[in-house]
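Here's the structure we're looking at; comments come further down.
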Protein chains: 2
Amino acid sequence: MRRAEGAVEPAEQGTAPRVGPCGVLCEDCRVRTISVCRALAGPALDELEAITLRIRLPAGRNLFDEGDPAESLFTLTEGMIKVFKMLPDGRRQITGFLLPGDFLGLAFFRSYAYSAEAVTDALLCRFPRDRFMALLERHPALEKELLSRASSELAAAQEQMLLLGRKSARERVASFLLGLARRQGAGSTKPVALPMSRWDIADYLGLTVETVSREIQAAKASGVIAMPDRHHFLVVDPRRLAAAAALG
Amino acid sequence: MRRAEGAVEPAEQGTAPRVGPCGVLCEDCRVRTISVCRALAGPALDELEAITLRIRLPAGRNLFDEGDPAESLFTLTEGMIKVFKMLPDGRRQITGFLLPGDFLGLAFFRSYAYSAEAVTDALLCRFPRDRFMALLERHPALEKELLSRASSELAAAQEQMLLLGRKSARERVASFLLGLARRQGAGSTKPVALPMSRWDIADYLGLTVETVSREIQAAKASGVIAMPDRHHFLVVDPRRLAAAAALG
DNA sequence: CCGAGCTCTTGATCTGGGTCAATGCCGAGG
DNA sequence: CCTCGGCATTGACCCAGATCAAGAGCTCGG
């Protein structure tokens, strides 16, 4: 997590599609770039593609730390990234788990206001900040897209504040599971991926690992969810799960 | 708070500067409109002024409720507004206190994702949604300003998540007082206004009134702050207050 | 000037979730 | 195959802050 520990070489960058594993990944990434900016018309998209660098980030590697100069913006195309803030004494709050299509580094600031680290192996598109900003000037549609994303993020952040400030441990875990299922478009038939550790879940929900574990076990025991393995679950009883989440 | 209780007449609107108390208020509001959009050049500002309606909102009156159709955007020019979300059973989380110059209703959604209510008597500028959006199209500078504000709000929201998820009661109250002092540019010499009730503070910090009261008394007793009266305080010992806030 | 109804403070007690401490369960490496 | 080390679960106990219960100030209408 800390950049200090272990020689963390910079994330590998592929500048152009090539043969071999990295090449394949880059091709895949190119196809998905469009998810960043569905609102964009052809020429703007081409320009965006032109300044895109592809990045592969192995699980556990950090993308940037809070306070680093904000030289790039990113979109996630594959895998999962967690975004978090820390207190000096090590307490951590994860403010979000990003899924493919999500934007990262949306900041008008000189330095990042939070840290980002890969939960699973991840693929990203990286946009150099100055070039991206220049592109913004020429393409209002892109700016509009960003504003719309910022609004959604803000709404999600407010929902999370409600969770952290006012919900019980049971409600938090239920809300979390429900939210994951919705975002992944999975649920009662298709299993929902739960790739992050119990520690990460705890730091996202403002709880301890033990409490998270207990609540997940309780949900399983009461038949609200089923777990084929520790990192996947099925929503057996959506009604009761929603009720437990105290949806506002 | 609930629109149901008591016949809440719609907020009074002055469409043009006039003589009398409302007129004076509107004049004042006009002068301050510029705070919304310092980035704007002359013509854009004129256009913005042209679609502006002035609103006076007495303390305790609600501006809109979560779920209401989002027909307007606002800027606060005078007073204080609180923004909050509620759970069906009445639990409440205040997600922000707005000060003059702050923007409200920044949403790309059909309906408001939260409720807003005046803490003190307030003056606002109201912009009809469709007209404002049309203006956005023509003036990228305005859009840029909004994006920048959204970024700041997002950063503030993440900071608040850290507070709600990981800080102790003492740290929450200290962070809150410090944040207020900074935003108001007041502190050890000029008293900081604390216009909201202890209930509001509790609902902002994810605590109970009793805990908030106890922590404020403790801060007073330890000589970190002084309180000329219940709704103003002085930062006597900024060093210790910052330490108590566990700044990250 | 009074008093009703608030908000705020303070004290006493209770409890949800944190802390501490094993124990179980993998997956990776030998 | 075993064994090691990191997650995850489970149990026992504890404590920060919630809850319950009085008082103590304000404030505003009359």
Side-chain angles (χ1 to χ4, degrees), chain A residues 1 5-6 58-60 82 87 89-93 119-121 163-177 194-222 225 227-233 244 246, chain B residues 1 5-6 58-60 82 87 89-93 119-121 163-177 194-222 225 227-233 244 246:
Chain A
M1 196 160 41
E5 73 192 23
K82 65 188 174 204
L87 290 173
D89 65 2
R91 281 174 287 174
R92 185 177 67 153
Q93 178 65 40
V119 173
T120 66
D121 290 349
L163 179 147
L164 293 170
R166 291 301 180 211
K167 289 190 181 176
S168 70
R170 175 143 307 173
E171 289 166 341
R172 292 181 201 205
V173 171
S175 302
F176 172 68
L177 296 177
L194 201 65
M196 68 292 282
S197 70
R198 299 294 193 258
W199 250 104
D200 284 347
I201 299 175
D203 280 349
Y204 180 61
L205 298 178
L207 299 170
T208 60
V209 221
E210 292 92 331
T211 301
V212 168
S213 185
R214 277 186 254 268
E215 290 304 334
I216 289 180
Q217 295 315 310
K220 210 162 58 171
S222 70
I225 61 167
M227 299 199 77
D229 69 276
R230 281 179 185 177
H231 291 288
H232 294 87
F233 69 94
Chain B
M1 195 158 46
E5 72 191 24
K82 65 189 175 202
L87 290 172
D89 64 3
R91 280 175 288 173
R92 186 178 66 152
Q93 179 66 39
V119 173
T120 65
D121 290 348
L163 179 147
L164 292 170
R166 289 302 179 212
K167 289 190 183 178
S168 70
R170 174 142 310 174
E171 291 165 341
R172 291 180 201 204
V173 171
S175 302
F176 172 68
L177 296 177
L194 200 67
M196 68 291 283
S197 71
R198 299 293 193 260
W199 249 104
D200 284 347
I201 299 176
D203 280 349
Y204 180 62
L205 298 178
L207 300 171
T208 59
V209 220
E210 293 92 331
T211 300
V212 168
S213 185
R214 277 187 253 269
E215 290 304 336
I216 289 181
Q217 296 314 310
K220 210 161 59 170
S222 70
I225 61 166
M227 298 200 78
D229 69 275
R230 281 179 184 176
H231 291 290
H232 293 88
F233 69 93

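Quantities reported herein were computed from a predicted structural model and do not represent experimental measurements.
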What's the CZ-C1' distance between A:Arg198 and D:dG6, to the nearest Å?
14 Å

side-chain contact (heavy atoms from CB on, under 4.5 Å) test vs A:Leu205 passes for just one of A:Thr211, A:Leu163, A:Asp200, namely A:Leu163

Would you call B:Leu207 and B:Glu215 a side-chain contact if the rule is heavy atoms closer than 4.5 Å?
no

With nearest nucleotide decided by heavy atoms, which residue, A:Gly206 or B:His231, maps closer to the 5′ end of DNA chain C?
B:His231

Looking at A:Ser197, I'd like to know whether one of its side-chain N or O atoms comes within less than 4.0 Å of OP1 or OP2 on D:dC7.
no

Rounding to an integer number of Å, can you tell me how far A:Lys167 NZ sits from C:dG16 P?
19 Å

Is any side-chain N or O of A:Glu210 under 3.5 Å from a base N or O of C:dC20, one able to act as donor and the other as acceptor?
yes

Atom CE of B:Met227 to atom P of C:dC8: distance rounded to whole Å?
10 Å

A:Glu171 atom CD is separated from C:dG16 atom C1', nearest whole Å, by 12 Å

Answer yes or no: is there a side-chain heavy-atom contact under 4.5 Å between B:Glu171 and B:Arg166?
no

Report the distance from atom CD of A:Glu215 to atom P of D:dT9, rounded to the nearest whole Å.
12 Å

Any non-hydrogen side-chain atom of A:Ile216 less than 4.5 Å from a side-chain atom of A:Arg198?
yes

Please state how far atom CG in B:Asp229 lies from atom C1' in D:dT27, giving the value in whole angstrom units.
13 Å

Could you give the CZ-to-P distance, from A:Arg166 to C:dG17, as a whole number of Å?
13 Å

Looking at B:Thr208, I'd like to know whether one of its side-chain N or O atoms comes within less than 4.0 Å of OP1 or OP2 on D:dA18.
yes

Decide yes or no for B:Arg172 and B:Leu164: does some side-chain heavy atom of the first lie under 4.5 Å from some side-chain heavy atom of the second?
yes

Selection from C:dT9, D:dA8, D:dT10 that lies nearest to any side-chain heavy atom of A:Gln217:
D:dT10

For the pair made of CH2 in A:Trp199 and C1' in D:dA8, what is the distance, rounded to whole Å?
13 Å

How is A:Leu207 classified with respect to the nucleic acid when contacts are heavy atoms under 4.0 Å: base, sugar-phosphate, or nothing?
sugar-phosphate

Is any N or O donor-acceptor pair between the side chain of B:Arg214 and the base of C:dG11 shorter than 3.5 Å?
yes

D:dT9, OP1 or OP2 - any side-chain N/O from A:Ser213 closer than 4.0 Å?
yes

C:dT7 phosphate, OP1 or OP2: any side-chain N/O from B:Arg230 under 4.0 angstrom?
no

